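Right, one structure below, let's go through it.
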Amino acid sequence: MANARAVEAALLARCVAVARGEVPQALDEREANVLWVGASVVGSRYPLEAGRLRQASERYFATHPGERRRAGEMVQRGWVIGLPRLRDMLSRELDLARRGQR
């Protein structure tokens, strides 16, 4: 369980870095897919950040088109625990980043 939490925390940190414009592209298949779904779950509240998440994932998928996964498959693979959890955690971190606390 601790390992899953560490992986989740690392992916969340990457999402925030991408959303803030600090990282231009996903590193691998898992990250690209998490960025894509992250953009979907926070897009209405954070349109600028969601755009960055989407663009970074699209840069990856442009050279790896067969690696795009559906959200349900990401949950099955354990890349995200669930979409509501991802939305809540990413929203919290983006709020902190906007206030300069991250």
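Everything quoted here is computed from the prediction, not taken from an experiment.
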**Request:** Look up atom CG in Leu96 and atom CZ in Arg98, then write down how far apart they are to the nearest 0.5 Å.
**Result:** 12.0 Å
**Message:** Can you tell me how far apart CZ (Arg14) and CD (Glu22) are? Round to the nearest 0.5 Å.
**Reply:** 10.0 Å
**Fill in**
In short, Gly82 meets Val75 closest at the heavy-atom pair CA-CG2, 4.3 Å
**Item:** Single-linkage hydrophobic cluster, 4.5 Å side-chain cutoff, Leu35 and Val42 together
**Value:** yes
**Prompt:** Tell me, do Ser57 and Glu31 make a side-chain contact under 4.5 Å, heavy atoms counted?
**Reply:** no
**Message:** Quick check: closest heavy atoms across Glu93 and Val16, and the distance to 0.1 Å?
**Reply:** CB-CG2, 3.5 Å
**Asked** So, are Arg77 and Glu73 salt-bridged, with charged N and O less than 4.0 Å apart?
**Response** yes
**Message:** Is there a path of hydrophobic side-chain contacts, each under 4.5 Å between heavy atoms, that joins Met89 and Val18?
**Reply:** yes
**Asked** Yes or no on salt bridge (charged side-chain N to carboxylate O under 4.0 Å, His left out) for Asp95 and Arg45, after CA distance, side-chain angles and deciding distance?
**Response** CA-CA 10 Å; Asp95 282 341; Arg45 188 168 173 193; 3.0 Å; yes
**Item:** Minimum heavy-atom distance between Arg52 and Ala19, given as atom pair plus value
**Value:** NH1-O, 2.8 Å
**Request:** Could you state whether Val23 and Leu11 fall into the same hydrophobic cluster, counting links through intermediate Ile, Leu, Val, Met, Phe, Trp or Tyr residues with side-chain heavy atoms under 4.5 angstrom apart?
**Result:** yes
**Prompt:** Who pairs with Ile81 by side chain to side chain contact (heavy atoms under 4.5 Å, CB included), at least two apart in sequence or on another chain?
**Reply:** Arg5, Glu8, Arg85
**Prompt:** Between CG of Leu90 and OH of Tyr46, what distance do you get to the nearest 0.5 Å?
**Reply:** 8.0 Å
**Request:** Return the minimal non-hydrogen interatomic distance between Leu83 and Ala71, and the atom names on each side.
**Result:** CD1-CB, 4.0 Å
**Beyond-backbone contact of Tyr60 with Leu27, side-chain heavy atoms, under 4.5 angstrom** = no
**Asked** Which heavy atom in Ala32 sits nearest to a heavy atom in Phe61, and how many Å separate them?
**Response** CB-CZ, 3.7 Å
**Prompt:** Of all heavy-atom pairs between Arg54 and Ser40, which one has the smallest distance, and what is that distance?
**Reply:** NH2-N, 3.9 Å
**Complete:** dist Met74:CE -> Leu86:CG (nearest 0.5 Å) comes out at 9.0 Å
**Request:** Measure the shortest side-chain to side-chain distance between Trp79 and Arg69 over non-hydrogen atoms and say whether it is less than 4.5 angstrom.
**Result:** yes
**Message:** So that I can tick it off, tell me whether Arg68 and Glu58 are bridged by a salt bridge, with the cut-off set at under 4.0 angstrom between side-chain N and carboxylate O.
**Reply:** yes
**Message:** What verdict does the side chain to side chain contact (heavy atoms under 4.5 Å, CB included) test give for Val7 and Arg30, after you've listed the backbone C-alpha separation in whole Å, the side-chain angles of each residue and the deciding distance to 0.1 Å?
**Reply:** CA-CA 11 Å; Val7 169; Arg30 175 180 16 201; 3.5 Å; yes
